[in-house]
Amino acid sequence: MKPLPLPGWIVLGAGVLHGVLGDVLLRGSEGPGLNLFTWIAVLAVTAVLLHRRAGAALSVESTACVAVGVLFAAVLLWRDAPLLKLAALATTGIAFSAAAFRAGAAWLRGSGVADYVMALGGAGLHGAVGAVRAVRAAEWGDVSRNTRGSPWFRHTVVAARGVALATPFVIVFGGLFIAADAVFARMVTDVLRIDLSVLASHIALASFLGWIAAGGLTGFLAGTRLPVVADAVPRGGMVGAPEIGTALSLIALLFAAFVVVQLRYLFGGADLVAVTPELTFAEYARRGFFELVTVVVLTLPLLLVADWALRRDRPKADRVFRVLAGTQIVLVMAVAASAVQRMRLYVAAYGLTELRLYASALLVLLGVILVWFAVTVLRGRRRSFGVGALAAATAAAAVLVVINPDALIARTNLARSLSAEVQPQLDVAYAASLSADAVPVLVAALPSLAPD
């Protein structure tokens, strides 16, 4: 494990300052906004400054990751939708994790998926217990020797002695003044009144944030890659091509059977729903959509694990895998297209919601990543897959921020209720439950809505 390039007490001191700052900023009852963004931005700047003080070069790649993390944290200032804020914070955490994995060195291009997983895991572990590394790296003997000879230490000792000498007299004279004047007594009582529960909450929040900040700074300075974990990860190439081929063939047959049998239902649309007894839009679209999304979600890790586990000891092993994996991708893309069609019909009938919008966005993102899998992994460029998938996920989060999901939901539902031939009832309760991002759209539409 790489040692800290700076004395641990510097990192711990920065953590304490960030804990106090976080307690001041985050104590309000409002949701995350300017306060949390400020804390994240200050933490990022501190990490970069400490890195420079350590004399280590910060790569362009890590600088870009830190900048991307701060930009997504700024979404807290721009948008109000809770799910969008959560997605932005997740993107910020991923960007910071990437910057810290190799202590500011470039590593994203040419790294496998396992490295990305370890980067996220290592960042989380350092946030939880990384401050212990700073405590162990603090040279407390040197701190004590240096502080004893410093001017501020001597001034502090002198001030403490003066306070100790004055304390008895302050107590005696203060008691007399309190007894002599009721107004002065009330003022002193108000000043000295301490709510122990409030004090405890301040200490707890500051300690928690300071601990997290110190752990994060430790990881950024020394890297979050844990050699013990990296060495313990099993190597791939353990399963032969016949076994992988058989497994993928059976799965592909299942997918193909589903697509063939369900062709009428997958692409039948509204006409099929209208003529099929006991088949409602909810059964056709809602249930089918989320189940098909789950299928797409599970297919990507399945193909990644199959590629990792394949033992390439035969000349045709890669060729067979590419054919079977490509077939699987084609089939799952057909399933994804069906899911998109189902959601389109469902939105037309029932309107758009946050869950439907974000699930659709996830489906599109997974489709893009599957195509990228075919372009890279199936063409022998496995090391290019991770950085492209990460870029696609970051771009998807950025697109969500730009399109303003809650405003899009309100606009879609309003247009549906106002322009349909048989005007469906607008779900006013749901529209009112959207975040402040939807307010301009709703207010602009008020004159065109029915009075009720």
Side-chain angles (χ1 to χ4, degrees), residues 29-33 36-37 71-94 280-298 300 335-369 392-420 423-446 449:
S29 59
E30 298 82 4
L36 183 55
F37 165 74
L71 284 176
F72 273 95
V75 173
L76 302 175
L77 308 177
W78 188 16
R79 300 300 187 207
D80 187 56
L83 287 178
L84 190 60
K85 288 183 177 182
L86 183 62
L89 288 176
T91 307
T92 296
I94 293 172
T280 65
F281 269 109
E283 293 170 343
Y284 172 78
R286 178 178 59 190
R287 177 183 172 186
F289 175 79
F290 290 107
E291 290 178 350
L292 296 181
V293 169
T294 304
V295 170
V296 179
V297 169
L298 295 177
L300 180 60
V335 173
S338 166
V340 171
Q341 170 70 0
R342 289 168 183 257
M343 180 51 62
R344 188 186 67 82
L345 294 173
Y346 195 43
V347 169
Y350 296 101
L352 190 61
T353 64
E354 288 181 291
L355 179 60
R356 296 163 196 168
L357 175 61
Y358 286 102
S360 301
L362 174 62
L363 183 64
V364 173
L365 171 61
L366 289 173
V368 172
I369 294 178
T394 304
V399 169
L400 285 175
V401 172
V402 172
I403 66 174
N404 193 358
D406 279 17
L408 176 63
I409 292 169
R411 191 179 303 111
T412 301
N413 292 342
L414 284 167
R416 169 180 162 273
S417 66
L418 295 175
S419 62
Q423 293 189 1
Q425 184 68 33
L426 176 67
D427 191 343
V428 178
Y430 182 77
S433 70
L434 296 173
S435 68
D437 294 338
V439 169
V441 176
L442 296 175
V443 171
L446 281 177
L449 296 177

Using distance only, find each side-chain donor-acceptor pair of residues 359-369 under 3.5 Å and give its atom names and separation, not counting sequence neighbours.
| unit_1 | atom_1 | unit_2 | atom_2 | d |
| --- | --- | --- | --- | --- |
| Ser360 | OG | Arg356 | O | 2.7 |

[X] side, atom [atom1]; [Y] side, atom [atom2] - distance, nearest 0.5 Å:
{"X": "Thr92", "Y": "Leu76", "atom1": "OG1", "atom2": "CG", "answer": "7.0 Å"}
{"X": "Ser433", "Y": "Asp427", "atom1": "OG", "atom2": "CG", "answer": "7.5 Å"}
{"X": "Leu89", "Y": "Ile94", "atom1": "CG", "atom2": "CD1", "answer": "11.0 Å"}
{"X": "Thr412", "Y": "Leu357", "atom1": "OG1", "atom2": "CG", "answer": "8.0 Å"}
{"X": "Leu352", "Y": "Leu414", "atom1": "CG", "atom2": "CG", "answer": "11.5 Å"}

Partners meeting salt bridge (charged side-chain N to carboxylate O under 4.0 Å, His left out) with Asp437 (sequence neighbours left out):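 Salt bridge (charged side-chain N to carboxylate O under 4.0 Å, His left out) list for Asp437, sorted by chain: empty.
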
What pairs with Ala438 under side-chain contact (heavy atoms from CB on, under 4.5 Å), at least two apart in sequence or on another chain?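 Checked Ala438 against side-chain contact (heavy atoms from CB on, under 4.5 Å); matches are Asp406, Ala410, Leu434, Leu442.
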
Nearest heavy-atom pair of [X] and [Y]: which atoms, and what distance?
{"X": "Leu84", "Y": "Tyr358", "value": "N-OH, 3.3 Å"}
{"X": "Val347", "Y": "Arg416", "value": "O-CD, 3.5 Å"}
{"X": "Phe72", "Y": "Ala397", "value": "CE2-CB, 3.6 Å"}

Evaluate the criterion side chain to side chain contact (heavy atoms under 4.5 Å, CB included) for residue pair Leu408 and Asn404; output intermediate values, then yes/no. CA-CA 6 Å; Leu408 176 63; Asn404 193 358; over 6 Å; no

